[in-house]
Amino acid sequence: MPDKLYVIVESNGGEIRSVSREVLSAARGIAGELGLTAAAVATNADAASEAAKYVTHVVHLTNAGLIPTPLPEDAAVVLAGSSPLARDLLPYLAAASAGCYLGDCTALRVEAGVLVAERPMLGGKAAGTFAFEPDRPIVVSVRAHVFAASDPPGVSGEIIEQAAVESKGIEVLSSDRAAEDRRVDVTEGDIVVAGGRGLKSADNFAVLEELAGTLANATGGAVAVGASRAVVDAKWRPYEEQVGKSGKSVAPKLYFAVGISGQIHHILGIDRAQVVVAINSDPDAPIFKYADYGIVGDALQVIPALTEAIKSA
Amino acid sequence: MKILVFVKQVPDTEALVEALDDSSLKVEEKFEMSFFDTLAVEEALRLKEKHGGTVTAVTVGPERAGEVLRTCLALGADSVFRIWDEALAPVVTDVFTDSLSVARVLAAVAKHLGFDLILCGKQALDDDAAAVGVMTAALLEIPFVTAVTSVKAEEGSIRVKQKRDGAEREIKCELPALLSAEKGLNEPRQPQVMKVMKAARAKIDAMDLAALKIQADAIISTVKPVSFTVPDKARSISIIEGEPADAAAELVRRLREERQAL
């Protein structure tokens with residue numbers, strides 16, 4: 001009888017992913033309400049030892065770069081934070097076990113003893129509440145900032161090592177990580193500073209980078225740089241930074257839209273931000289309808305002033 | 001090389017969405033091929049042009065979804081198949097798609113037609129699920145690589161690039177395999193007018209579940225939307241006036257005091 005709720009715990013460069021910690025923090029509560037025991041599957045040793053502080057049973061998958069791996073037989077629920085790995089692994093596990101899969105959820109809770117999830121639909125224009133077919137494994141990922149991270153409850157869990165099943169026919173020939181790419185992913189930023197055409201050139205994004213660095217120093221939080229589709233299409237910024245439909249959907253505490261006009265496809269990616277600040281030289285730009293605070297002005301003057309104001313505040 | 005491309009018709013970015021009540025949504029009837037699928041079609045055509053073979057486009061959807069197959073024909077696909085059946089209506093609606101049911105259909109189509117390579121978009125731009133491709137690969141028990149930015153065919157295998165967590169990986173994948181297309185893979189071509197006219201007259205055949213020997217109980221709502229909202233995304237703006245330095249200082253003060261955001 002499946003009686004466990006497994007959390008997939010990942011680390012990225014030594015530290016456990018912030019979204020993994022958020023999900024781990026919520027796992028025991030959800031498992032308890034479902035009458036399940038919280039457990040974890042960790043993709044490396046660091047993730048396993050961190051997971052063991054939250055749950056009593058941890059499977060450390062060795063060589064987990066090579067998953068897919070089968071769903072543990074005692075899994076009633078598998079929960080992960082949204083990530084590229086989760087997007088490959090979770091649908092695979094669900095299909096292989098005839099389970100129910102819903103990815104990138106924006107809420108997850110127990111109602112009348114069963115799991116219920118919320119998720120955007122139709123490219124973010126609508127939101128739905130979803131139920132799962134009973135008596136099947138439920139495989140779900142939730143986005144960053146859906147659950148709050150909390151300190152470990154002081155558990156000392158048992159870690160079991162298990163070799164991942166290799167995916168047949170796949171060979172990773174090389175993996176190059178550029179040094180400059182060790183930055184905060186735009187979906188995981190507590191603050192996101194995003195720029196558009198109004199910055200006038202790729203080089204001018206330096207003023208946004210400086211603002212991001214200053215905000216990170218001042219708040220101690222994770223600050224990410226984002227971009228509008230227009231500047232990604234113009235190759236000023238990499239696609240990884242694109243915010244909006246066909247890019248990433250973000251939910252930071254604070255979002256700066258700098259020189260971004262506010263096309264519908266951008267708005268669809270920022271509606272879960274807690275506070276939106278718009279800076280644009282065009283007072284009629286649509287972005288001002290979707291922002292909480294606005295400054296009408298040239299981004300290249302306002303942003304350096306903002307950086308100074310934060311330094312001196 | 002025998003290439004299958006999975007495409008999906010999705011509501012246009014500008015299509016209006018309205019909640020009729022909390023359990024029904026209405027979508028304006030404006031549709032297009034999902035953006036990432038256009039990249040998959042383009043890559044299939046390029047592989048065919050370079051290495052020979054055939055490109056077959058497949059979609060699961062009601063009659064209107066045949067339009068995306070016309071587009072595939074106009075672009076140069078050799079053949080197209082639309083899969084539809086009354087039994088699919090509850091799991092493939094205007095507003096939601098049950099990924100596992102569609103993956104079961106597509107896996108059956110792939111077995112029925114035979115293939116060396118399957119290409120699809122990394123996700124559909126309506127539900128953004130990114131699930132059907134991976135699930136189809138799982139059901140077919142073939143290797144898959146998602147969100148590829150470069151594809152190079154070799155003898156019996158394929159070499160792809162994928163960006164993940166800031167790292168660029170080069171991966172060798174044995175055929176048959178499934179790949180999903182990421183933005184940046186290519187710049188899709190525009191169809192020629194003559195071919196568009198010819199495709200407009202083409203008869204788009206539909207296949208049903210019986211033709212694919214799919215059991216009715218394979219089609220099931222594993223995940224079901226039970227209620228909807230259409231959130232109002234507008235916020236009420238406070239415009240902060242003044243010279244840049246003054247406005248910036250005032251913004252910092254208000255973010256700190258009113259929102260505890262700094």
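All values reported here derive from a predicted model rather than from experimental measurement. Every chain is numbered from 1, with letters handed out A, B, ... down the list of sequences.
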State, to 0.1 Å, how close [X] and [Y] come at their nearest heavy-atom pair, and which atoms those are.
X	Y	answer
B:Val223	A:Cys100	CG2-CB, 4.0 Å
B:Pro231	A:Lys125	CD-O, 3.8 Å
A:Pro91	B:Met135	O-CG, 3.4 Å

Side chain, backbone, both or neither: which part of [X] has an atom under 4.5 Å from a heavy atom of chain B?
X	answer
A:Leu122	both
A:Val116	neither
A:Ile270	backbone
A:Tyr239	side chain
A:Ala278	neither
A:Glu118	neither
A:Ala273	both
A:Glu308	neither
A:Ala127	both
A:Ser246	both
A:Ile264	side chain

Can you confirm whether more than 12 heavy atoms, excluding those of [X], are under 6.0 Å from its [atom1] atom?
X	atom1	answer
B:Asp21	CG	yes
A:Lys311	NZ	yes
B:Gln260	CD	yes
B:Lys161	NZ	no
B:Glu243	CD	no
A:Glu15	CD	no

SB check B:Asp127 A:Arg119 (cutoff 4.0 Å): no

Check ion pair B:Lys183-A:Asp233 (N to O, under 4.0 angstrom): yes

Contact winner vs chain B - [options], heavy-atom pairs under 4.5 Å:
options	value
A:Ala309, A:Ala95, A:Gly169	A:Gly169
A:Pro134, A:Ala131, A:Ala126, A:Gly297	A:Ala131
A:Lys168, A:Gln242, A:Glu171, A:Lys235	A:Glu171
A:Asp292, A:Thr219, A:Ile310, A:Val302	A:Asp292
A:Gln274, A:Lys253, A:Arg17, A:His265	A:Arg17
A:Gly123, A:Gly124, A:Gly221, A:Pro84	A:Pro84

Which value, rounded to the nearest 0.5 Å, describes the distance between [X] atom [atom1] and [Y] atom [atom2]?
X	Y	atom1	atom2	answer
A:Ile138	B:Thr222	CD1	OG1	10.0 Å
B:Arg259	A:Leu254	CZ	CG	10.0 Å
A:Ser175	B:Gln162	OG	CD	9.0 Å
B:Glu168	A:Asp176	CD	CG	7.0 Å

side-chain contact (heavy atoms from CB on, under 4.5 Å) evaluation trace for B:Arg164 with A:Asp88: CA-CA 11 Å; B:Arg164 167 167 290 191; A:Asp88 277 6; 2.9 Å; yes

Is any side-chain heavy atom of [X] closer than 4.5 Å to a side-chain heavy atom of [Y]?
X	Y	answer
A:Ile295	B:Glu250	no
B:Asp128	A:Lys245	no
A:Ile170	B:Glu174	no
A:Leu306	B:Leu251	yes
A:Tyr293	B:Ile240	yes
B:Thr229	A:Thr129	no
A:Arg136	B:Ile220	yes

Test side-chain contact (heavy atoms from CB on, under 4.5 Å) applied to A:Phe132 and B:Lys224, step by step: CA-CA 6 Å; A:Phe132 301 97; B:Lys224 197 184 264 176; over 6 Å; no

Between [options], which has the largest tally of heavy atom pairs under 4.5 Å with chain A?
options	answer
B:Val226, B:Val230, B:Asp246	B:Val226
B:Ala131, B:Cys173, B:Ser227, B:Ala261	B:Ser227
B:Thr13, B:Leu25, B:Val145, B:Leu139	B:Thr13
B:Ala247, B:Ser180, B:Ala138	B:Ala138
B:Ala15, B:Ala19, B:Pro11, B:Ala245	B:Ala15

Non-hydrogen atoms of chain A under 4.5 Å away: do they reach the side chain of [X], the backbone, both or neither?
X	value
B:Val132	neither
B:Ile237	both
B:Glu182	side chain
B:Ile142	neither
B:Asp94	backbone

Verdict with reasoning, A:Lys289 to B:Arg235, per side-chain contact (heavy atoms from CB on, under 4.5 Å): CA-CA 6 Å; A:Lys289 284 197 218 98; B:Arg235 301 172 188 241; over 6 Å; no

Summary of side-chain hydrogen bond (donor to acceptor under 3.5 Å, both in side chains) pairs that have at least one residue in residues 97-106 of chain A, sequence neighbours excluded: A:Ser82-A:Asp104, A:Arg87-A:Asp104

Plane angle bin for B:Phe144 and A:Tyr92 - parallel if under 30°, tilted between 30 and 60°, otherwise perpendicular: parallel

side-chain contact (heavy atoms from CB on, under 4.5 Å) evaluation trace for B:Val95 with A:Met121: CA-CA 7 Å; B:Val95 300; A:Met121 307 171 71; 4.2 Å; yes

